[in-house]
Protein chains: 2
Amino acid sequence: MLKLSRLTDYAVAALVRLSAAEGVETSPGIAAAIGIPEPTVAKVLKILAGQGLVLSTRGARGGYRLSRPLSSITVAEIIVAIDGPIALTSCVEGSGGVCESLLRCPVAGRWDPVNTAIRSALQNISLSDMAHAALPRGLRMSEVA
Amino acid sequence: MLKLSRLTDYAVAALVRLSAAEGVETSPGIAAAIGIPEPTVAKVLKILAGQGLVLSTRGARGGYRLSRPLSSITVAEIIVAIDGPIALTSCVEGSGGVCESLLRCPVAGRWDPVNTAIRSALQNISLSDMAHAALPRGLRMSEVA
DNA sequence: GGCAATCAGGACCTTATTTGTCCTATTAAC
DNA sequence: GTTAATAGGACAAATAAGGTCCTGATTGCC
């Protein structure tokens, strides 16, 4: 169905929430604010922290805060952080495993333009675009619908 | 991992193959040509026929053929045919079921720009672009990488 | 008219992925 | 030292995808 994981959705919600909080907020606090179970939110934040999208402070009075403004975080970054590299087909995963029908496959390697087009589209949408429900820079609704 | 289903991959391979065959080809014939098990290829072809992307002829000497040239079939069409509508999050599926955290969700409905950007990107790549490993019309590699 | 080839449609089982939860260790404030 | 908080990983359950097979309908050929 070409959809992204639910965790990515949670990540966006958490980041937007963090931006609104303007400071350090704890995992349970964020969970309550966006209405998602705490353990799950904690998991997402840990991943985001590992990728450097949020900064964490441990210990009492600790919590998470954004490492940069929403406007400089792209949707592509979040997807990569949570779901891994954006590669629509296994052919381009570069994971060493070669598709067994490669020799006969008439489209071997041909998904690359599709992958790059998707990446490009996602890199041009920042989280602040989403927070404001606006269109990405340079695009008009007529070009996109 | 934001990937599309393997069946979509098979569909592309089958359609490109059908284009090369230039005429009617049977399901087993296509399966042999692209190196994918026959039952699975048959399943894909049935879906494609149902969506009008290929025309089928029943009975002896029957088979499948393209309904239009490759250049007028977009990647988006294939994905929609196999995987259903392109909607990255369940929020926008429009399936009547309302997300239970909708009221608190700070990004409710905000994925729309992302979805439209993805659709736009996929609609600008035709199967003939893939068959030739070329870039979609109007785009240069520098704009996409 | 009968036989063989071929698509149509759906049921079904198996496997892989994703979710969500929990447990233990570590860190820092008071 | 106690409490509040993150770090990291292990794990079971739920969901989705993939693949196979069976039965029925249609058409060409002998």
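Residue numbers begin at 1 in each chain, while the letters A, B, ... track the order of the sequences. All values below were derived from every heavy atom in this structure, side-chain atoms included, with hydrogens, water molecules and symmetry-related copies excluded.
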Nearest to the B:P28 side chain among C:dT21, D:dA16, C:dC7, which nucleotide is it? C:dC7
So OG of A:S128 and CG of A:L15: to nearest 0.5 Å the spacing works out to 12.0 Å
B:E25 has an atom CD; how far is it from atom P of C:dA5, in whole Å? 18 Å
Round to the nearest Å and state the distance from B:R6 atom CZ to C:dT15 atom P. 14 Å
Any side-chain heavy-atom pair of A:R61 and A:V24 under 4.5 Å: no
Is B:Y10 near enough to D:dA17 that one of its side-chain N or O atoms lies under 4.0 angstrom from OP1 or OP2? no
How long is the line joining CG of B:L18 and P of C:dC7, in whole Å? 11 Å
Against the side chain of B:L7, the closest entry in D:dC29, D:dG19, C:dA29 is D:dG19
Can any side-chain N or O of A:T26 pair as donor or acceptor with the backbone N or O of A:G63 at less than 3.5 Å? no
Of residues 47-60 of chain B, the positions that come close to DNA chain D - non-hydrogen atoms, cut-off under 4.0 Å: B:R58, B:G59, B:A60
Distance col, row A:D9:CG vs A:I78:CD1, nearest 0.5 angstrom, shows 10.0 Å
Pick one: which of A:I30, A:T40, A:V41 meets side-chain contact (heavy atoms from CB on, under 4.5 Å) with A:Y10? A:T40
Whole-Å distance separating the CG atom of B:D83 from the P atom of D:dA17: 7 Å
Spacing of CG belonging to A:L7 relative to CD1 belonging to A:I47, to within rounding of 0.5 Å: 6.0 Å
Rounded distance (Å) that lies between atom P of D:dG19 and atom CG of B:L45: 14 Å
Integer-rounded Å distance: C:dT6 P and B:K46 NZ: 15 Å
When rounded to the nearest 0.5 angstrom, what is the spacing between CZ in A:R6 and OG1 in A:T8? 11.5 Å
Output the rounded distance in Å from NZ (A:K43) to C1' (D:dA12). 12 Å
When rounded to the nearest 0.5 angstrom, what distance separates CD1 in A:I73 from CG in A:L127? 5.5 Å
Euclidean distance, atom CZ of residue A:R65 to atom P of D:dT6 [Å, nearest integer]: 13 Å
Which of these nucleotides, D:dT6, C:dT19, C:dC7, is closest to any side-chain atom of A:S5? C:dT19
Could you grab the distance from atom CZ of B:R68 to atom CG of B:L55, nearest 0.5 Å is fine? 10.0 Å
For the helix from C:dG1-D:dC30 to C:dC30-D:dG1, figure out the bend between the end axes, five pairs an end, and round to 10 degrees. 10°
